[in-house]
Amino acid sequence: MAHTRTIVVVEDEDAIRRGVVDMLTMAGYQTFEAADGEAGLAEAQRAGVSLVLLDLLLPKMNGFEVLEELRRTRQSLPVIILTARGSEDDRIRGLRSGADDYVMKPFSARELLARVEAVLRRSPERAEPVLRISVGSTVVDCARREICGKDNERIALSEMEADILQRLASMSGRCVSREELLSSVWGIRDGAVETRAIDMHITRLRQKLRSHSSEDVDWIVTVRGKGYMLGSQLEITTEGGGDDQA
Ligand code: CA
């Protein structure tokens, strides 16, 4: 495996939370834990989190509220809800609210790990780090943060510009909302005021890419009312060489 995945465990029952954290640690995952909804949401919104295990009945903010807020800011972050056996309404409501899967309590280590692995396997966020984005002879080298453009000239990208491009590229063909860019690139959670700043950065980045490209393509496409995505003509190379097998 190329890098360690981080899982947030939100569960107010100490014994269950500790059991799950131990199990995940033994399986090689890094974990953050929270015993109430508010703390869980904050942990889940940290950069680098790959998946959230979310109990529903929680102090301060219940699991549904946490899920709703996460879907606003981190659309594609995988969430598995932990439900009580028999509460079918909760499961359905959870899945409708955007949970990726559910596990019923009490669960075995094997069952939980199998669900976690299955959800991570189909998650767009599990993608390998993006190394290069290219079109024709123009290459964006994400690690070196530079554009290798027409006539072989090299143009530096700021850390933020490289982060935006990497974020869009790692979502391969999916739209990323401004809120999601704010939380993943800027680490800002409440972005009502800040989304204009993103538009400005995107505009400047677009101009930079366009003026140094050998090809006339859309690098960053605006999806009206939703956010941004990477242009479809671009080729993305990841650490694993684009191969999906982890
Ligand atoms: Ca609970």
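First listed ligand is number 1; within each ligand, the first listed atom is number 1. Because only heavy atoms are used, hydrogens play no part in the values below, and waters and symmetry mates are left out as well, while side chains stay in.
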Q: Where the side chain of Thr138 meets the backbone of Ser214, is there a donor-acceptor pair that is under 3.5 Å apart?
A: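 Yes, because the side chain of Thr138 sits within donor-acceptor range (under 3.5 Å) of the backbone of Ser214.
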Q: Does Asp55 put an N, O or S atom under 3.0 Å from the Ca ion (ligand 1)?
A: yes
Q: Please name the atom of Asp12, restricted to N, O or S, that is closest to the Ca ion (ligand 1).
A: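 It is OD1 of Asp12.
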Q: With Leu56 as reference, evaluate Leu67, Leu82, Ile81 under the side-chain contact (heavy atoms from CB on, under 4.5 Å) test and give the passing residue.
A: Ile81
Q: Within 3.0 Å of the Ca ion (ligand 1), is there any N, O or S atom belonging to Leu57?
A: yes
Q: Any sub-3.5 Å donor-acceptor pair from Arg93's side-chain atoms to Arg96's backbone N or O?
A: no
Q: Both conditions, 6.0 Å and 45 degrees, for the charged tip of Arg91 above the ring of Tyr102: are they met here?
A: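 Judged by the rule (NZ or CZ under 6.0 Å from the ring centre, within 45° of its axis), Arg91 counts as positioned above Tyr102.
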